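What follows is one structure encoded as structure tokens, with my remarks underneath.
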Amino acid sequence: MIDKRTTLAQAIAAIPHGARVALGGNTLHRGPGAAVHEIVRQEKRGLEIVKTAGAYDVDLLCAAGCAAAISAGFVGFETPFGMAQAYRRAVESGAVEAREHACATVIAGLRAAIQGVPFMPVAGLTGSDLPAARGFIALRDPYSEAEVFVVPAMVPDVAILHVQEADPQGNGRIIGTRFEDVLMAQAARRVILTAERIVEGTSFEAAPEMVAIPGFLVDAVVEAPGGAWPFSCTPLSDYDAAYLTAWVAVARDADAANAFIAARILAGAGVPA
Amino acid sequence: MIDKRTTLAQAIAAIPHGARVALGGNTLHRGPGAAVHEIVRQEKRGLEIVKTAGAYDVDLLCAAGCAAAISAGFVGFETPFGMAQAYRRAVESGAVEAREHACATVIAGLRAAIQGVPFMPVAGLTGSDLPAARGFIALRDPYSEAEVFVVPAMVPDVAILHVQEADPQGNGRIIGTRFEDVLMAQAARRVILTAERIVEGTSFEAAPEMVAIPGFLVDAVVEAPGGAWPFSCTPLSDYDAAYLTAWVAVARDADAANAFIAARILAGAGVPA
Amino acid sequence: MVDIAPWDMMAVAMARLLHSGETVFHGVASPLPMVAALLAKRLHAPDLVYLNITGATDPTPEYLPISTVDPALLHGTRSLVTLADLFDLSGRGRLDVAFLSGVQIDGAGRINLSAIGPYGRPSVRLPGGAGSAMLMPTARRVILWRTKHDRRTFVEQLDFVTAAGNVDRVVTPLGLFVRRDGRLEVESLHPGVSPEAFREATGFPVAVGPETPVTPPPNEEEMAALRSVDPDGVARSEFG
Amino acid sequence: MVDIAPWDMMAVAMARLLHSGETVFHGVASPLPMVAALLAKRLHAPDLVYLNITGATDPTPEYLPISTVDPALLHGTRSLVTLADLFDLSGRGRLDVAFLSGVQIDGAGRINLSAIGPYGRPSVRLPGGAGSAMLMPTARRVILWRTKHDRRTFVEQLDFVTAAGNVDRVVTPLGLFVRRDGRLEVESLHPGVSPEAFREATGFPVAVGPETPVTPPPNEEEMAALRSVDPDGVARSEFG
């Protein structure tokens, strides 16, 4: 069986500038933190980030100049930490394009990609300015004459997902909420898994229902203990509230954010290996 | 918490004549055998049966005069037992309408129902006579101009699923392949679960990923040990090859089939309780 | 009566709007709806089905997290659904209640969570509506809550309509709106809130006066249940 | 050479068509494809990804069932996908090989699994095409197999086109067809099969003669691997 293990540096190096990158997890939880930091270190540019609800990942990639567009339904740190200030600055200055979605239209775009169809109908959206702003078109149902909005397929060039356990063939076990990770793994052209630990795949055979990501969809597997940091990774670790508080405090100001990135991320200080 | 347990007789009695009934399982495996026999006993009429790949269930419901239409991609017993003879007779005589699908269009129709949209695009179908025969329409993608077939939503009035374990609230654990059971549970207006055994729901809390059917979608839970018979129910029982061989032998002839149904099903002889 | 904490009043008022047997959903950044759903289950709606963005179905959290996407909200769930499953549930008309909020809310109960100023080049880029553009028209009832009640929140004119739809009630620190014939009407004022104060804080015209009912303050049973559901006062976190 | 059992010849010929690294799928009633995929993995395609209708991904069955939807085909799988997932895989162009069959097959490699006689009132209602109408146009390569090779199977004109698409090869007890420019051409005759016999058994015109290559018979390594993959001869079950 193919051994798909590689280093984080090599896995991220394969992502071209301008790629459409889907990131797993949701807000403060089980995001691929180590991979996002490596993207910053490798100074990727012009990325489109796809996620239903982003937080530190989207904010950092905006601050570091890696992102050109954000396709998401929500970008913020939730109650504890408030708004995504670097994302705000980048969008308000025009440096980054906010491709606003309802979370359900991100899912619809991924579903169309997964099913190999050009568009996916989605319920609702009526009365919202979003379809006009995003160019989402309503079609007439040829069977019932009802009208329904359709969202174009959204195919990520790469999905980066952090899981608790993976085997060398890319089978990935997610403990707890799967968020949109499984949809992203199916929709993307390439899939990078970072995993808290690599295990023998034989250990998955007793309960394959627990394996969220089938290995045959995965291209690269990276062992990354603590690789969700500063996101939570249940049951191993909570989100790093002190670190996120420090980030939000500097994210508002470009120079402060850059200094933070240089010290904490590029230099690697304060970023667990 | 609501206790949804009831008897098989009561659960089936709630199904009106002419209902669209989705049946779980696939060909010889994990079909709701006991529920299908109860449908025959209660002499339901005019049912539309929805399934990707049916076998004894569809064949029997045709022989017993319960089915008026079959919406399926495949109806047959696979290699061991050959064709569904009663289904053949019923369709060839015009007594039952074969609403032929590709299995993927059954899934597409259920997906549209699940998502609350009027239609679902489906890849492929090009070059097939099926769209013309079934009235499946191709739409032009408003974004790319590509053409894609769309299938109308198919909302079952009831889904009947047999699972290995359920709790009184309707959480259902499926061991092994889930087939289209989860889609049917989401798409149907009502859901009836028959279960090999009823367990305390607390036993599901350690691994909710193993629970395929969320209880809040379920209306009735019936304890039915051996309730898949004559279908297989892994790991408890294989399909009953001797019984299915006997059925296929009589299914070809109306009188022989009726005599078999009277003796083995209506009288209950040879049907495990 | 004015010594009722606004987070207690809001949590209780929101819980009272929920009925047993209803499917109730909240998403990200929703401490008050989380508390309200669990409180209603404890009080008068034991068969309420509590659903949240973690994919938990009727969880029994050991403690309440501030992040409402927190894995703590999975504790005790017996099945696991996805966010996509929950949107689908709403899409097919089977979600009874969705809790949503807005940075701006207009007199029709429409919300803006997208941008202040011109949408293409906003003066303030907001977080976005998350699921609201899909949920508001499809959920059977939408309950809006907002911990700020001022003229910057309740506006005559939204800068952008992020979502519109089946709004039933709006709960604020000052009182409750009910939506009738497509317009928000004042249903009740919380204890100690004057009609003038409410009118002053609302950017669109509202009929409010001495005849306007007063929201019944939380009773002892409600307060006791609230303390046991939310001993750490997570609901308060929304007030910064 | 004529003492080669047709099921052995077909299983080996089908296995030879599969390459390492390919994703390969079969559905219901497919003993020969099941055996062929496992045989190819054993022989020359260790990294072939064997997928089947049970949702297994690279299972290692302890025994081979006659029903190819049997739970026995899940043994050893490390993940579980659904039939819907597998159709989606094909729909987005990521399924390399789909094994399909037909009661009727025409010279373009199109199949009929629906009905003999008028579709609306057939003389024989057939089982239906299962996934084929969706898979044939979307899978990168479709390999058809049929254990009967006669003029009732290989026909000039289908009574109904259940599916059409990316057919690459057709494997029968008499030989192999390859599809070039949209038409089935004879690629090879199995050992002991005469050009006349093949032409006689085929209902559409085929170019076949003394120059037509002979399918290499199963070699010792192939036969040994086949015996170990399918010790009970499940492949033979398709021959009734």
Side-chain angles (χ1 to χ4, degrees), chain A residues 25-30 52-53 55 70 72-84 87-94 96 98 100-105 107-108 110-111 122-131 133 149 175-180 182-183 232-235 238-239 241, chain C residues 27-31 53-56 65-74 80 82-84 86-88 90-93 108 110-115 117 119-139 158 160-165 234 237-238 240:
Chain A
N26 188 289
T27 64
L28 309 178
H29 307 287
R30 212 171 40 70
T52 54
I70 306 300
F74 177 89
V75 182
F77 286 81
E78 295 196 282
T79 312
F81 312 103
M83 292 179 73
Y87 166 73
R88 265 196 63 184
R89 276 194 290 116
V91 173
E92 291 164 14
S93 72
V96 167
E100 183 174 359
H101 275 266
C103 293
T105 61
I107 288 167
L110 293 173
R111 280 172 161 172
V122 58
L125 304 191
T126 48
S128 167
D129 289 341
L130 210 48
F149 282 101
I175 297 171
T177 305
R178 296 176 179 190
F179 299 118
E180 285 62 67
V182 179
L183 296 175
S232 80
C233 188
T234 190
D238 198 354
Y239 54 83
Chain C
V28 302
S30 305
I53 187 172
T54 68
I66 295 178
S67 161
T68 58
V69 190
D70 198 283
L73 286 178
L74 288 177
L80 205 54
T82 66
L83 180 58
L86 294 164
F87 288 137
D88 291 345
S90 189
R92 65 183 182 266
R110 305 184 303 171
I111 63 173
N112 175 17
L113 280 163
S114 301
Y119 185 77
R121 195 65 179 264
S123 56
V124 182
R125 172 63 220 187
L126 299 171
S132 54
M134 187 276 178
L135 291 170
M136 266 182 96
T138 56
L158 301 176
F160 185 85
V161 182
T162 304
V234 166
S237 66
E238 281 202 56

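The basis for the numbers below is simple: all heavy atoms, side chains too, and nothing from hydrogens, waters or symmetry mates. Reminder, nothing fancy here: chain letters follow the sequence lines and each chain counts from 1. All of these numbers come straight from a predicted model, not from anything done at the bench.
The OG1 atom of A:T27 sits 8.5 Å away from atom CG of C:D70, with the distance rounded to the nearest 0.5 Å. Expressed to the nearest 0.5 Å, how far CD1 of C:I53 lies from CG of A:N26 amounts to 4.5 Å. With rounding to the nearest 0.5 Å, the separation of SG in A:C103 from CG in C:L135 is 9.0 Å. Rounded to the nearest 0.5 angstrom, C:T82 OG1 and A:R178 CZ are separated by 10.0 Å.
Between C:A29 and A:T79, the closest heavy-atom pair is CA-OG1, 4.0 Å. Residues C:A133 and A:A102 come closest through the heavy atom pair CB-CB, 4.0 Å. The minimum heavy-atom distance linking A:Y87 with C:L126 is given by the pair CE2-O, 4.3 Å. Between C:P122 and A:V91 the shortest heavy-atom distance is CG-CG1, 4.3 Å. In this structure, C:R125 and A:A98 approach most closely via the heavy-atom pair NH1-CB, 4.0 Å. The nearest pair of heavy atoms linking C:G128 to A:E100 is CA-OE2, 3.7 Å.
Looking at A:F81, there are no atoms closer than 4.5 Å to chain C (heavy atoms on both sides), in backbone or side chain. Heavy atoms of A:R89 lying under 4.5 Å from chain C are absent altogether. Contact annotation for C:T138: only side-chain heavy atoms (C-beta onward) come within less than 4.5 Å of a heavy atom of chain A. Using a 4.5 Å cut-off between heavy atoms, C:Y119 contacts chain A through its side chain alone, with no backbone atom that close. For a residue to count as touching a neighbouring chain, one of its non-hydrogen atoms must lie under 4.5 Å from one of that chain's; by this rule C:T68 touches chain A with backbone and side chain alike.
Counting only heavy atoms from C-beta outward, the side chains of A:F179 and C:V69 approach each other to under 4.5 Å. Under the 4.5 Å side-chain criterion, counting only non-hydrogen atoms from C-beta, A:T126 is not in contact with C:M136. Taking the side chain as every heavy atom from C-beta outward, A:T105 and C:M134 never approach each other to under 4.5 Å. Between A:E78 and C:I66, every side-chain heavy-atom pair lies at or beyond the 4.5 Å cut-off.
Looking only at heavy-atom pairs under 4.5 Å with chain C, the residue among A:R30, A:R88, A:E180 that has the most is A:R88. The most heavy-atom pairs under 4.5 Å with chain A, out of C:P71, C:P137, C:A130, come from C:A130. Ranked by heavy-atom pairs under 4.5 Å with chain C, the list A:A72, A:G76, A:A104 is led by A:A104. For the options C:S67, C:P65, C:S123, heavy-atom pairs under 4.5 Å to chain A are most numerous at C:S67. Of the listed residues (A:A53, A:P131, A:S232, A:G73), the one with the most heavy-atom contacts under 4.5 Å to chain C is A:G73. Residue with the most contacts toward chain A among C:L73, C:V124, C:T162, C:D88: C:V124 (heavy-atom pairs, distance under 4.5 Å). Heavy-atom pairs under 4.5 Å with chain A were tallied for C:P127, C:A72, C:A164; the largest tally goes to C:P127. The residue among A:S93, A:A108, A:A90 with the most heavy atom pairs within less than 4.5 Å of chain C is A:S93. The greatest number of non-hydrogen atom pairs below 4.5 Å with chain C, out of A:L125, A:L28, A:D129, is found for A:D129.
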Would you sort out whether A:I107 and C:F87 count as a side chain to side chain contact (heavy atoms under 4.5 Å, CB included), showing the intermediate values?
-> CA-CA 9 Å; A:I107 288 167; C:F87 288 137; 3.7 Å; yes

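Remark: side-chain polar atoms of C:R121 are paired, donor with acceptor, to backbone N or O of A:E92 under 3.5 angstrom.
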